[in-house]
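Please read the structure below before turning to the comments.
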Protein chains: 4
Amino acid sequence: MKTENTIDRGRPRNADIDAAVMKSALKLLRKIGFRRLTLDAVAESVGVGKMAIYRRWPNKAAVVMDAFLTLIGPESQFPSAASAIISLKLQMRLQAKLFAGDYGKLIKALLGESQFDEELAEAFRNRWLIPRREMTLDVLKAAVDQGDLRADLDLDTVIDMLYGPFYYRLQLGIGTLDSSFSDQVWSAAITGFRASGS
Amino acid sequence: MKTENTIDRGRPRNADIDAAVMKSALKLLRKIGFRRLTLDAVAESVGVGKMAIYRRWPNKAAVVMDAFLTLIGPESQFPSAASAIISLKLQMRLQAKLFAGDYGKLIKALLGESQFDEELAEAFRNRWLIPRREMTLDVLKAAVDQGDLRADLDLDTVIDMLYGPFYYRLQLGIGTLDSSFSDQVWSAAITGFRASGS
Amino acid sequence: MKTENTIDRGRPRNADIDAAVMKSALKLLRKIGFRRLTLDAVAESVGVGKMAIYRRWPNKAAVVMDAFLTLIGPESQFPSAASAIISLKLQMRLQAKLFAGDYGKLIKALLGESQFDEELAEAFRNRWLIPRREMTLDVLKAAVDQGDLRADLDLDTVIDMLYGPFYYRLQLGIGTLDSSFSDQVWSAAITGFRASGS
Amino acid sequence: MKTENTIDRGRPRNADIDAAVMKSALKLLRKIGFRRLTLDAVAESVGVGKMAIYRRWPNKAAVVMDAFLTLIGPESQFPSAASAIISLKLQMRLQAKLFAGDYGKLIKALLGESQFDEELAEAFRNRWLIPRREMTLDVLKAAVDQGDLRADLDLDTVIDMLYGPFYYRLQLGIGTLDSSFSDQVWSAAITGFRASGS
DNA sequence: GGCTAAGCGAGACGGTACGTCTAGTCTTGGG
DNA sequence: CCCAAGACTAGACGTACCGTCTCGCTTAGCC
């Protein structure tokens, strides 16, 4: 996707720096939070000039976002299960667990910062949100095929109802995020959207 | 609530300043957003010293939050209707409309900032969220009494499922916030939580 | 001359800071030189924010120039003597001594920096050079009246010939700056410019 | 001086680069001055890597100094004349003209920068100043031989008195640099240092 | 009517991070 | 070994804004 049509000239960027910066950023992020995290501190801890960072990312938020997405990329796949809705249920439990832990803090911070930075928001949407929605969409379609959900649903709205409550509790700081909660949301949704006549 | 046990001495505060500051803050907020809004700018535009502001509010976020709450306070009441669930449906439509407009931007900013400022988050919870949840709770209880919702529900979770999707779409910047969306969420929830046997 | 027609409003500047900054600047200047002197270091050593400095002076050079001029202001007066040319001779010895010491370093740096900063150059001219030239001019006029110098001289050029060699040796780093040198310059000039017919 | 005892191996340096770099450096120097001149800019304008420059000169100042000296090298020789002091007079006029023009600016900048950079100062002394002083010294000795100057003079000081005023006016930005000024300095000096009894 | 306490406009203050800039060095692939 | 390109470290720069403090002045209520 990132096709550079220019030939590679000059000293190539040191890929280790990318990784080291993101790692350090995540570490500091967990320790002191987004606001108090400074790129000066990151640069110093990595033993790198600030320019090496600003050459790669436009600002602090972008660094952290990239770090987060790189870290979390492979996780939160849908578990395989007997039926699509069971797979969904299990995945929602994982999400609850994820949100309740350290990742939750990261998401809080990044989503918060995204409210003020459209680029960041876009990165969050494109690299975190949409891929996960796509996966969910596939599962929901399977559930429709399997006769567990009605065929006339707006599946986007279904997704919003399934996952909205997670973000809500995470951001608003109200209620708990555990599998009990997750299961309630799931079962209510499944009941509400169940294939009629069942 | 704000019981001052000291006798009022000295020059009393000029109440006009409170209003003017909040008004100016809201105006700037809409124009340039929370981040780029400075209290210096507010103070100057009002023709007031910064101290006059900091005497009234502890920080920038508090000013904006107060402005927001003062502005929005009377709105978003539950409309009266034939049944509780219909009243709920109408209120959700109002909420969708609210979130889609200028208020949505304010909420975005304040909720975003709340991720980094616990005091702000608390103010948001106590002065915006909880009052509205209480109202919703009453309506839901009425709906239970009226036989439209099962009696064994965790109503807090019900609220999360009803309103979570709104915040989700607002914060994530995905999808639209209109009465069609609102109605879908409502009807799915009502179906999912309907009194059994109906 | 510095008549401010605006009424004094707001918190007045703390005059101690002016003095402390200049003092610290001079101290650091002597220790590490102009180039390696940073206003960050000055600010920190004084326990002052950088803004407090930038509010008073536009840049590093201005701080140092001001410090220098404040420090040196009262010095290098013409000593009284039997005749004008003797007073001149004594003053030139003082100047040689001045240039050979710490002040010489300051002047080197400031004059060097002035080559790149016209404002600075102007300050140097107006607050250091011209006052001293005026004094010298008076002495030279007296010497003319006393019959020790011809009356048809361009006294500005005389001054250049008297003091040019000092700056030359200071800036070029060639030769020594002592009273022997000073006396040679003086006697050659006096001989060259002596009233004719002697 | 720069005797390399290693056999020439590998690709030979491209001699065109030396000239092109110095030319570009001079051009930029005139346009934006020493301070704002960057070797990055020079390298780019010449279409050369920075290393090609740093392989040839140790730093920015050296490049510019070299450019200046290469440019100015052949000029400002002593014109031949009937007597040594007349030759001196003519040369001083040339110097005045030189200082008043573009070369003056270069010298201003280089001498200014020399106040902060000992290497540069040394280059300036060794490659500009001293050669010219040597030439002047020869002329002054001839003048002594020809009976126009006393034999007991410290000729170094004589040189300082002859040329100091030029640098003084150049650096301090006071007075004009023309042949009238030059002649005044010359005649005063000649008179002051004339062989006694003449 | 004078006293006292607090409010007020203005703006200085310490602190802190920002993102930019440049010097001089290093590292690619290729000649 | 040279070259073009450009990444790299180091570190100062000048700006911005926060929340606090201080000045001279004003405005109330209390004695």
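In what follows, chains carry the letters A, B, and so on, assigned in the order in which the sequence lines appear, proteins first and then strands, with residues in each chain numbered from 1.
Residues meeting the side chain to side chain donor-acceptor pair (under 3.5 Å) test with C:R13, sequence neighbours left out: none. Legend: residues meeting ring-ring contact (aromatic ring centres under 6.0 Å, His included) with D:F116, ordered by chain and number and at least two apart, are C:F34.
Atom CZ of D:R36 is separated from atom P of F:dC13 by 18 Å (rounded to the nearest Å). What separates CG of D:D16 from C1' of F:dA4 is a distance of 16 Å, to the nearest Å. Across the protein-nucleic acid pair, A:R35 atom CZ and E:dT16 atom P stand 17 Å apart, rounded to whole Å. Separating the CG atom of B:D117 from the C1' atom of F:dC17 is a distance of 16 Å, rounded to the nearest angstrom. For the pair A:I32 CD1 and E:dT16 P, the interatomic distance rounds to 13 Å; values are reported in whole Å. Across the protein-nucleic acid pair, B:R13 atom CZ and E:dC8 atom P stand 7 Å apart, rounded to whole Å.
Considering CG of D:N14 and CG of D:D16, their distance stands at 4.5 Å, rounded to 0.5 Å. Annotation: the span from A:R125 atom CZ to A:E122 atom CD amounts to 6.0 Å, rounded to 0.5 Å. D:L120 CG to D:E113 CD: the interatomic distance, rounded to the nearest 0.5 Å, is 6.5 Å. Interatomic distance, CG of D:L26 versus NZ of D:K31, reported as 13.0 Å (0.5 Å rounding). Atom CZ in D:R35 sits 12.5 Å away from atom CG in D:L29 (nearest 0.5 Å). Here the NZ atom belonging to C:K50 is positioned 4.0 Å from the CG atom belonging to C:D40, to the nearest 0.5 angstrom.
A heavy atom closer than 4.0 Å to some atom of DNA chain E occurs in A:L39, A:D40, A:K50, A:M51, A:Y54, A:N59, A:K60, these being the qualifying members of residues 39-63 of chain A. Within residues 23-30 of chain A, no residue is approached by DNA chain F to less than 4.0 Å at the level of any non-hydrogen atom.
Residue C:D66 forms a salt bridge (Lys or Arg N to Asp or Glu O under 4.0 Å) with just one option from C:K23, C:R127, C:K60, C:R56, and that option is C:R127.
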Pairs counted as Watson-Crick or G-U wobble with both distances under 3.5 Å: what dot-bracket string results for DNA chain F, using | for bases tied to another strand? |||||||||||||||||||||||||||||||
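Using cut-offs of 30° and 60° on the angle between ring planes, the pair A:F68 and A:F124 is parallel.
Of the two residues near DNA chain E, C:I17 and B:N14, the one whose nearest nucleotide lies more 5' is B:N14. Both A:A15 and D:A15 sit near DNA chain F, but only D:A15 has its closest nucleotide nearer the 5' end.
Between A:R11 and the phosphate of F:dA5, there is no side-chain N or O to OP1/OP2 separation shorter than 4.0 Å.
Among residues at least two apart or in separate chains, there is no ring pair (Phe, Tyr, Trp, His ring centres under 6.0 Å) pair with a member in residues 13-33 of chain B.
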